[in-house]
Amino acid sequence: MSETTGASYAAAGVDIEAGDRAVELMKEWVKKTQRPEVLGGLGGFAGLFDASALKRYERPLLASATDGVGTKVDIARRMGVYDTIGHDLVAMVMDDIVVCGAEPLFMTDYVCVGKVHPERVAAIVKGIAEGCVLAGCALVGGETAEHPGLLGEDDFDVAGAGTGVVEADRLLGADRIRTGDAVIAMASSGLHSNGYSLVRHVLLDRAGLALEAEVAELGRTLGEELLEPTKIYSLDCLALTRTAEVHAFSHVTGGGLAANLARVIPDGLHAVVDRSTWAPGAIFDLVGKTGKVERLELEKTLNMGVGMIAIVPQDSAEVALTTLADRGVDAWVAGEITERGEKPAGAELVGDYAA
């Protein structure tokens, strides 16, 4: 562009027409997430949700959460696969919301890109919409932002915010937990969306492994393993609250199992989780051995094969496990709640992992 030519938004790197095309491409996927309480369609300035639906509650409490998927987006970018990262986003947001017993209602997303490639943006939103269906919530709106000069043409990031509702007297949490309660672990689908800075550093930067390389221990390529979508537990957890007495849930994300479980343990009590009750998946062993990462470092960074925890009375454990098994969720009793005594506050892992 010559110095005498007038400046334009397009010349600055923002393609409005591409953004409009991306919106058109994503509309069909957003429609699949609709709930009867949602008013209007995609394209408005705000998403609308009919709050009169909450009149059936005696005292409705709204639960909200916001999150992203961290540096897992770099794996999606390198692989050129964009339709799974949205599952991760929904899981990170809605599985936080369901921890208090709340039913997911709706979600909004934010997709930030260096350059709008309509099909790519639509693929990202497709994944978010599919995740919303799995979580039982509506995708009521969002934003696609183009940031030329700040992000490379192929760079992107995603974030989302969600809202759920729970009856006040059914709110789950630390005040319900009692000595002797069973700690039920639900298997993760893999790394989920945490610790990827460590994983990328160990496997890609230091070991120089290729994402396209077949890894015998994994039974597929490294990239396929690293892009495995985060398990969405929302509807499974809600089903559990209908069939068994549940005192609390804990979503195992950044910080690992012990740290996240400790967040719901009340003063005076302690959670003991026995490592021998499960064997972490091959990816955890690969990261540990390849990077010579100490076990405690792995455990405070990765989920080690457990993505969600339910704390239930001992006499509800069998029903809980049956409910989860019927829904295809691999779950087991991994520990119990004890008096704290001289133990440190929170939770601890004991023993060694099963072979």
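None of these values were measured; they are calculated from a predicted model. What you see below is based on every heavy atom in this structure, not just the backbone, and it leaves out hydrogens, waters and symmetry mates.
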Go through the steps for Leu62 and Leu54 under the test side-chain contact (heavy atoms from CB on, under 4.5 Å), then give the verdict. CA-CA 10 Å; Leu62 294 180; Leu54 306 184; 4.0 Å; yes
So do the side chains of [X] and [Y] get within less than 4.5 Å of each other, counting heavy atoms only?
X      : Y      : answer
Asn194 : Thr301 : no
Asp109 : Val90  : no
Val73  : Phe156 : yes
Ile124 : Thr144 : no
Leu235 : Leu134 : no
Lys343 : Thr338 : yes
Arg178 : Pro313 : no
Tyr353 : Arg295 : yes

I'd like to know if [X] pairs up with [Y] as an ion pair, taking the criterion as any Lys NZ or Arg NE/NH1/NH2 lying under 4.0 Å from an Asp or Glu carboxylate oxygen.
X      : Y      : answer
Glu299 : Arg275 : yes
Glu103 : Arg56  : yes
Asp169 : Arg59  : no
Asp74  : Arg77  : yes
Lys231 : Asp95  : no

Return the minimal non-hydrogen interatomic distance between [X] and [Y], and the atom names on each side.
X      : Y      : value
Thr230 : Lys72  : OG1-NZ, 4.1 Å
Pro266 : Ala174 : CG-O, 3.5 Å
Asp274 : Gly351 : OD1-CA, 4.5 Å
Val166 : Ala102 : CB-CA, 3.7 Å
Gly307 : His192 : CA-CE1, 3.8 Å
Met107 : Cys137 : CB-SG, 4.4 Å

About how many Å separate [atom2] of [Y] and [atom1] of [X], when rounded to the nearest 0.5 Å?
X      : Y      : atom1 : atom2 : value
Thr323 : Glu318 : OG1   : CD    : 10.5 Å
Asp330 : Ser189 : CG    : OG    : 12.0 Å
Asp83  : Glu130 : CG    : CD    : 6.5 Å
Asn260 : Ser250 : CG    : OG    : 5.0 Å
Asp96  : Thr66  : CG    : OG1   : 10.0 Å
Asp326 : Thr243 : CG    : OG1   : 9.0 Å

Grouping I, L, V, M, F, W and Y whenever their side-chain heavy atoms are under 4.5 Å apart, do [X] and [Y] come out in a common cluster?
X      : Y      : result
Met92  : Met186 : no
Leu198 : Val252 : yes
Met308 : Leu191 : no
Leu240 : Ile184 : yes
Val158 : Leu227 : no

Full working for side-chain contact (heavy atoms from CB on, under 4.5 Å) between Asp67 and Thr253: CA-CA 11 Å; Asp67 212 334; Thr253 56; 5.8 Å; no
Is it true that Tyr233 and Phe249 have ring centroids separated by less than 6.0 Å? no
For Leu172 and Ile311, what are the C-alpha separation, side-chain angles and deciding distance, and is it a side-chain contact (heavy atoms from CB on, under 4.5 Å)? CA-CA 10 Å; Leu172 304 181; Ile311 299 176; over 6 Å; no
Testing the 3.5 Å rule here: is there a donor-acceptor pair between the side chains of Glu119 and His117? no
Verify the neighbour count for atom [atom1] of [X]: are there more than 12 heavy atoms of other residues, nucleotides or ligands below 6.0 Å?
X      : atom1 : result
Arg206 : CZ    : no
Arg263 : CZ    : no
Asp267 : CG    : no

For a salt bridge (charged side-chain N to carboxylate O under 4.0 Å, His left out) check, start with the C-alpha distance between Asp154 and Arg120, then their side-chain angles and the critical distance, and finish with the verdict. CA-CA 10 Å; Asp154 292 327; Arg120 185 178 301 174; 3.0 Å; yes
For the residue pair Phe106 and Phe49, does the interplanar ring angle fall in the parallel (under 30°), tilted (30 to 60°) or perpendicular (over 60°) class? tilted
Among Glu225, Glu224, Glu228, the one residue meeting side-chain contact (heavy atoms from CB on, under 4.5 Å) with Leu218: Glu225
Could you walk me through whether Val272 and Val183 satisfy the side-chain contact (heavy atoms from CB on, under 4.5 Å) test, starting with their C-alpha distance in whole Å, then the side-chain angles of each, then the deciding distance to 0.1 Å, before giving a yes or no? CA-CA 8 Å; Val272 180; Val183 175; over 6 Å; no
Is there a donor-acceptor contact under 3.5 Å from the side chain of [X] to the main chain of [Y]?
X      : Y      : value
Glu339 : Thr179 : no
Trp278 : Met304 : yes
Glu146 : Val116 : yes

